Amino acid sequence: MVEKLRIYNSLLGKKETFEPIEPPYVGMYVCGPTVYSDVHLGNMRTFMSFDVIYRYLSYLGYKVRYVRNITDVGHLESDADEGEDKISKKARLENLEPMEIVQRYTTGFHRLTEIFNMLPPSIEPAATGHIVEQIGMIRQLLDNGFAYEVNGSIYFDVSKYNKDHNYGKLSGRKIEEMMESGRDLASQEEKRNTIDFALWKKATPEHIMRWPSPWSDGFPGWHLECSVMGTKYLGETFDIHGGGLDLQFPHHECEIAQSVGAYGKDPVRYWMHTNMLTVNGQKMSKSLGNSFLPHELFTGNHPLLDEAYSPMTTKFFMLQSHYSSTLDFSNEALKAARKGYKRMINGLRLIKEMEFAEDGAERDEKNIKQIEQIVSMCHSSMNDDFNTALTIGQLFNLLKKINSLHTGQLGFGAIGRETFDKMKSTYIDFVENILALKEEDPSDFKHLVEAMVEIYREAKFRKDFEQVDKLRAGLKANGIIVKDMKTGIEWAYEE
RNA sequence: GGCGUUGUGGCCGAGUGGCUAGGCAGAGGUCUGCAAAACCUUUUACAGCGGUUCGAAUCCGCUCAGCGCCUCCA
């Protein structure tokens, strides 16, 4: 491709040409889920977006190491109710071991990624597996004078850091303003400034998840795990760091401060943030109670849903917007997406079966040029900050040509073998490998069998034995046997 | 309150200083035993008011409305 990949970098607030630090290698870190409850659809949107980004980077030939963590340290619910963390709270409610909670929801999350046809990341590190490294980073920050200890807890000294560095450069904040607007909460008494954040918290007696450290039995601060694991697996400076827009501040801002404070280097070249999924214009979130669980969507079992929507319909719906735009959920939009998805998949089935056949049609330069242009637009759309929405539009344009070819309205000879091959590989690559949409079988195949058996009954009644034999053979070939019994005609699985 | 961000046709949703986004829905047509699919054509746009410009929905200003972050959050 002539055109180069451009990425919107949150750090600069503009798109820039993507240049990896050490091509062809690319390091990408994405903040993964906190596994104390089911991930909801909004969470999945982010992971799905980065799955497509991962796939497209690979498609371009980059060797991507994709790290997506699992946050399994129960961080504090909020600064207000200090002492209890999300995971141990959930464990207490459900009468389970904290790690049982972690295991359950991690497994659930993994199932979902498969259902949505996502690739596993290269490395999926857990925060609890990196306590030693986190303690190490805290030591480094203490040595460098950016952290201080109070009663066994360690805090990051933001104002000291800000003397020589710019705390707030990612989220566009000014430290003075934040210090004024900081909230007056009990847990902040230990901090020198309200904007300081915890690197290590001493555990209260009832806190279940705890580890020994030089300062106290306790647990690491939330922001630390990403800094530590990103550095460990991708280096002190790596290419891409992604996550939901709601992590931009304070989480990502703190990550930058920690890395710069510890290693003196900016950790990330390109910061990418995915926007929120909304319901009736409001952010979907667990705390607002307006979140959809994926299975609620798949079953239609939710007060706001008219009916069920399949995983691929959902995925298509999400990919029809750009990752950096908010996307609002509605039944109408989902229904429209379902039709669009099916149209696109029908096209995939067609083109996969289609082979070039010289039919003597006259070469049609206009059509060739159109197809070439659409193909190149597919690439340039993705190159333009992974614009899946535009890309899908182009694929539909390509689909028109495919369908015309299929119905004979456009001759193979008109476009020639070369253009045909390009069209075919582009459509398949983009739908199947980049957007990663796949065919969904109609779930109730039993209805199909029942319909066949009904035709069998009628043929038998007519004594059309040729038809009867054909139907029986067809079913048997698919592992279904027809049973002609005195009491009636039934079917069963072949034993 | 501070900082952002968004406002596109019946719905969803891209995009852009002048060149058809696309999907869904609607209308007409081709094809067809019927139906569907497919293909072709097609209607209703860029929140409001000003400004810059040969030309703006696209840039600037103001107004209105929504949303997000500032607290755990993808």
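All figures in this text were calculated on a predicted structure; none of them were measured in a lab. Numbered from 1 within each chain, the chains take letters A, B, ... in sequence-line order.
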**Asked** Please give, in whole Å, the distance from B:rG13 C1' to A:Phe329 CZ?
**Response** 15 Å
**Message:** Suppose we call two aromatic rings close when their centres sit under 6.0 Å apart. Are A:Phe329 and A:Phe317 close by that rule?
**Reply:** yes
**Asked** At under 4.0 Å between heavy atoms, what does A:Ser321 touch on the DNA or RNA strands: base, sugar-phosphate, or nothing?
**Response** sugar-phosphate
**Prompt:** Rounded to whole angstroms, how far apart are CG on A:Leu390 and P on B:rG23?
**Reply:** 13 Å
**Item:** A:Ser171 vs B:rC3: side-chain N/O to OP1/OP2 distance below 4.0 Å
**Value:** no
**Asked** Between B:rC70 atom C1' and A:Lys174 atom NZ, what is the distance in whole Å?
**Response** 14 Å
**Prompt:** Hey, does A:Arg45 reach any base, or is it just sugar-phosphate, or nothing, if we go heavy atoms under 4.0 Å?
**Reply:** nothing
**Prompt:** Closest heavy-atom contact between A:Phe197 and A:His223?
**Reply:** CD1-CD2, 3.7 Å
**Message:** Looking only at the side chain of A:Lys339 (C-beta and beyond, no hydrogens), which of the listed nucleotides B:rG2, B:rC72, B:rC24 gets closest?
**Reply:** B:rC24
**Request:** Name the nucleic acid region contacted by A:Asn275, choosing base, sugar-phosphate or nothing; use a 4.0 angstrom heavy-atom cut-off, strictly under.
**Result:** base
**Request:** Looking at every strand, decide which applies to A:Thr407 at a 4.0 Å heavy-atom threshold: base, sugar-phosphate, or nothing.
**Result:** sugar-phosphate
**Asked** B:rC31 P sits how many Å from A:His406 NE2, rounded?
**Response** 18 Å
**Request:** Identify whether any heavy atom of A:Arg338 sits under 4.0 Å from a base atom; if not, whether one sits that close to sugar-phosphate; answer base, sugar-phosphate or nothing.
**Result:** nothing
**Message:** Under 4.0 Å, heavy atoms only, any strand: does A:His273 hit a base, just the sugar-phosphate, or nothing?
**Reply:** nothing
**Asked** Across the strands shown, which category fits A:Ser330 at heavy-atom distances under 4.0 angstrom: base, sugar-phosphate, nothing?
**Response** nothing
**Nucleotide B:rC24, atom P - distance to OH of A:Tyr309 in whole Å** = 16 Å
**Message:** Looking at A:Tyr309, I'd like to know if the NZ or CZ of A:Arg338 sits under 6.0 Å from its six-membered ring centre while staying within 45 degrees of the ring's axis.
**Reply:** no
**Message:** With a 6.0 Å cut-off on the ring centroids, do A:Tyr270 and A:Tyr8 count as close?
**Reply:** no
**Prompt:** Reckon A:Gly281 touches a base, only the sugar-phosphate, or nothing at all at heavy-atom distances under 4.0 Å?
**Reply:** sugar-phosphate
**Asked** Is the phosphate of B:rG15, meaning OP1 or OP2, less than 4.0 Å from a side-chain N or O of A:Asn387?
**Response** yes
**Message:** Closest-nucleotide mapping onto RNA chain B: is A:Leu247 or A:Ala336 further toward the 5' terminus? I mean the 5' end.
**Reply:** A:Ala336
**Request:** Indicate, with a heavy-atom threshold strictly under 4.0 Å, whether A:Leu327 touches base, sugar-phosphate, or nothing.
**Result:** sugar-phosphate
**Request:** Rounded off to whole Å, could you give me the CE-to-P distance for the A:Met344 and B:rA37 pair?
**Result:** 18 Å
**Request:** Remember a base hit wins even if backbone is also touched, and classify A:Glu332 as base, sugar-phosphate or nothing at under 4.0 Å, heavy atoms.
**Result:** sugar-phosphate
**Request:** With the side chain of A:Gln409 defined as its heavy atoms from C-beta on, choose the nearest nucleotide among B:rA38, B:rA74, B:rG2.
**Result:** B:rA38
**Request:** Looking at every strand, decide which applies to A:Lys400 at a 4.0 Å heavy-atom threshold: base, sugar-phosphate, or nothing.
**Result:** sugar-phosphate
**Prompt:** Taking the side chain of A:Asn397 as its heavy atoms from C-beta onward, which of B:rA74, B:rC70, B:rA21 lies nearest to it?
**Reply:** B:rA21
**Asked** What integer distance in Å separates A:Asn280:CG from B:rC11:C1'?
**Response** 14 Å
**Request:** Assess the pair A:Phe298 and A:Phe116: is the distance between their ring centroids shorter than 6.0 Å?
**Result:** yes
**Asked** Can you tell me if the side-chain N/O atoms of A:Asn403 get under 4.0 Å from OP1 or OP2 in B:rA38?
**Response** no
**Item:** A:Phe396, nearest nucleotide to its side chain (from B:rA74, B:rG23, B:rC12)
**Value:** B:rG23
**Asked** Considering only the P atoms, how many Å lie between B:rA45 and B:rA38, rounded to the nearest integer?
**Response** 27 Å
**Message:** With nearest nucleotide decided by heavy atoms, which residue, A:Phe47 or A:Ala333, maps closer to the 5′ end of RNA chain B?
**Reply:** A:Ala333
**Asked** Between A:Phe430 and A:His379, is the gap from one ring center to the other below 6.0 Å?
**Response** yes
**Message:** What is the distance, to the nearest angstrom, from the CE atom on A:Met318 to the P atom on B:rG22?
**Reply:** 25 Å
**Prompt:** Are A:Arg343 and B:rC39 close enough that a side-chain N or O sits under 4.0 Å from OP1 or OP2?
**Reply:** yes
**side-chain hydrogen bond (donor to acceptor under 3.5 Å, both in side chains) between A:His130 and A:Tyr233, worked out** = CA-CA 12 Å; A:His130 298 75; A:Tyr233 299 111; 2.6 Å; yes
**Request:** Could you check whether A:Lys283 gets within reach of a base, just the sugar-phosphate, or nothing at all, counting any heavy atom under 4.0 Å?
**Result:** base
